[in-house]
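Everything on this sheet refers to the single structure shown next.
When a ligand or atom number is given, it counts from 1 through the structure's own listing order.
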Amino acid sequence: MRPLRDIDIAYVKGIGPKRAKLLKDELGIATAYDLVYNFPTHYVDRSNVIRIIDFQGDDMPSVQVRGHFVSFTEHGEGAKKRLVGLFSDGTAAMEVVWFRRTKEIRKAYHTDTEYVLFGQPKQFNRRWSMVHPEIDLPQAVTASAGMRGVYHLTEALRRSGVTTRNFMAWSTAALTLAVNVPEVLPPDIIARRNLLPLNTALWQMHCPDNLAMLERARERMKYEELFFLQLNIQRYSRKRTPGLLGLRFPRIGQIFNNFYETCLPFALTGAQKRVIKEIRADMNSGRQMNRLLQGDVGSGKTLVALMSMLIALDNGTQACMMAPTEILAGQHYETLRSLAAKAGVSIALLTGSTPARERDEIHRRLLDGSLHILVGTHALIEDTVQFRRLGLAVIDEQHRFGVAQRARLWKKNSDLPPHVLVMTATPIPRTLAMTVYGDLDVSIIDELPPGRKPVHTLLRFDGQRQQVYRALGAELAKGRQAYIVYPLIEENEKLDLKSLEEGFEVVKDNFPHYRVAMVHGRMKPAEKDWQMQLFASGQARILVATTVIEVGVNVPNATVMIIENAERFGLSQLHQLRGRVGRGGDQSYCILMSKLKIAKDTRRRLDIMTSTTDGFVVAEADLKMRGPGDLEGTMQSGIAFDLRVASLASDGQIVEMTRRDVEQILDADPSLQRPENMKIASEMTMRDARRPKGYSLIS
Ligand code: ADP
Ligand code: MG
């Protein structure tokens, strides 16, 4: 019996050093462990044979057909040489094409024999074809009937002749070498949850006996994956939670009441009231608050943050609010000042571009306590920034801040850490929030202020730009403002800038009577601020920008958001951008401009945007389409989601199950020191070591 992690794949039967290198480069598969945990992406029922006449669509999955070769012909010369077999199943014919090993293939297959072909049909010029299908005799297929895995292949793997059948053979060879893969889950859980043993499950994942066994194997692997994820998160959050005493804020005092009675410009929504109550209770519990405030764009989180800060002030402490960019910090500063100035609260702004003299003044006033609220960028966490007593730290749009930065805030006071409120507009589905924020409590603002009209979202193609500009002209004539956003292609900043600047010229040419502002990430902060200010004040009616405006910017008079090359954006990014309009009482529009020809998935993404304005629906769809690994808003947790079988979107039940099971284990043995828990502890450590760099769980 050999541990899978100790077996180099070069020694697995059929791989050898050359392919071992290719597998490592292409898929990161280096050991037998990697190989057997590299599961098929989907399965095909081997008893299911499709008729060629029934082929349809331009995105067919791999299928099986059964029939005869009618003829073989060779085409082209040299590198372009290919072998084409005409294959008929009696209902219709298709071409089978080979680019490599044509001589061997020509010898191996005959026109008088029946074959079963397995491959992906493609249509060119109304003719169906299959490239390098897998070919079997009918009896071989019947013998291995049942489900058959299809593995992910890259272009380079395909080119070197690697097939999905190779993967199946290699995986089973690796399992044979290992003899019997030992169980990694506790035996009582295996029994209680009625899970397949690991060794059996791995075999079934690669060569399932039937659909029922495959389902059980998948269930088992999902459980395992989520179990170790939960173990990691919960062990981490427990380290922090129990011991941390916090400041106690029993008072609702003059500052809060004064603000509530005389400064509050509108009635709070029900959700805002509820959340403020939750925060208030938390800050008076005697434990440090670590709360995530989640609310769709425009739901009024800033106000909640402000009122929470006023509670801190009422209890003799100071507060700070940290934003990811200077633009945002500046906006928060303006908003908070205009709201709270009348309540006698002193507020200052600190960013990287604050002049030294002002900075010194801020440092001084923070220490003597005459400055109540400090707003700023990550400049706030510098060690030189010392408070007299920091009671609450608010972090906006936290996906740009890591756990480590949060931790630095905790150290601002010498005795008790400040309470922490993290605000996010990225709506995170419940299952995910539960998993990602194991260490945070969650408050949700699930109600928009009254009178908001949902943003009309339209999909338009590049050929319709003049129409779109005409509609934009009509809105501008009504006195409104508009954003026009260009995508950022990170690999080539120069090109990005070029497309933005060209767009800027086109927009100016089309709207000569309006002032047009422009911001992008490579501008100097002062220039950026100036341009933003032009737009925020209404002097500029159009803002041409990259996604720097994605988060937080608040210009209620802007009613049009045009997103160029919308096909290049992810769903949650589109949703964030759309949230920049629809913030006043007027009907707003979001126009997604796209190429006419786009991939199916992209089209589906854009269709979701035009069909709903509900951030949660968008987030769920995003999660399903892209998988949680990519989801914005998951990075800050420091956890890399390397889920292969489980899906946080659809396996909520198993997430819940593992959460409870892990809770039980840690309740009994918090640091996993009992002999019966040694195995899961070391397995967890081993899995943790495999995470990509920069994502370590504990910072
Ligand atoms: P976000 O949650 O996206 O940060 P903001 O806090 O920027 O949202 O609020 C969006 C807009 O809604 C702001 O212009 C704010 O003044 C306004 N707003 C917030 N709360 C209310 C309310 N209860 N009633 C009416 N308008 C509100
Ligand atoms: Mg905001």
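When non-hydrogen atoms are compared, ligand 1 lies under 4.0 Å from neither the backbone nor the side chain of M423. At a 4.0 Å heavy-atom cut-off, ligand 1 does not touch Q576 at all.
Some N or O of A267 is nearer than 3.5 Å to an N or O of ligand 1, by distance alone. The shortest N or O to N or O distance between G300 and ligand 1 is below 3.5 Å.
A salt bridge between E334 and R337 is present, with a side-chain N of the basic residue lying under 4.0 Å from a carboxylate O of the acidic one.
Taking a 6.0 Å sphere around CD of Q539, one finds it holds more than 12 heavy atoms contributed by other residues, nucleotides or ligands.
Aromatic ring centres of Y486 and H520 lie farther apart than the 6.0 Å criterion allows.
Within ligand 1, counting atoms from 1 as listed, the ones closer than 4.0 Å to a heavy atom of R583 are 3 (O), 5 (P), 7 (O), 8 (O), 10 (C). Close approach to L268 involves these atoms of ligand 1, each under 4.0 Å from a residue heavy atom: 23 (N). Every atom of ligand 1 with a heavy atom of T302 under 4.0 Å away is listed here by number and element: 4 (O), 5 (P), 6 (O), 7 (O). Residue T269 approaches ligand 1 through these ligand atoms, each under 4.0 Å from one of its heavy atoms: 23 (N).
Test N258, N257, N315, V345 against L310 for side-chain contact (heavy atoms from CB on, under 4.5 Å) and you get one pass: V345.
Aromatic ring orientation, F256 versus Y260: parallel (interplanar angle below 30°, classes split at 30° and 60°). F535 and Y483 have tilted rings, their planes meeting at an angle from 30° to 60° on a 0 to 90° scale.
For atom 17 (C) of ligand 1, the nearest non-hydrogen atom from the set E447, R452, H332, R580 belongs to R452.
Taking both residues in full, the closest heavy atoms of V555 and Q481 are given as CG1-OE1, 3.7 Å, listed atom of the first, atom of the second, then distance.
S299 counts as a contact of ligand 1, since one of its heavy atoms falls under 4.0 Å from the ligand.
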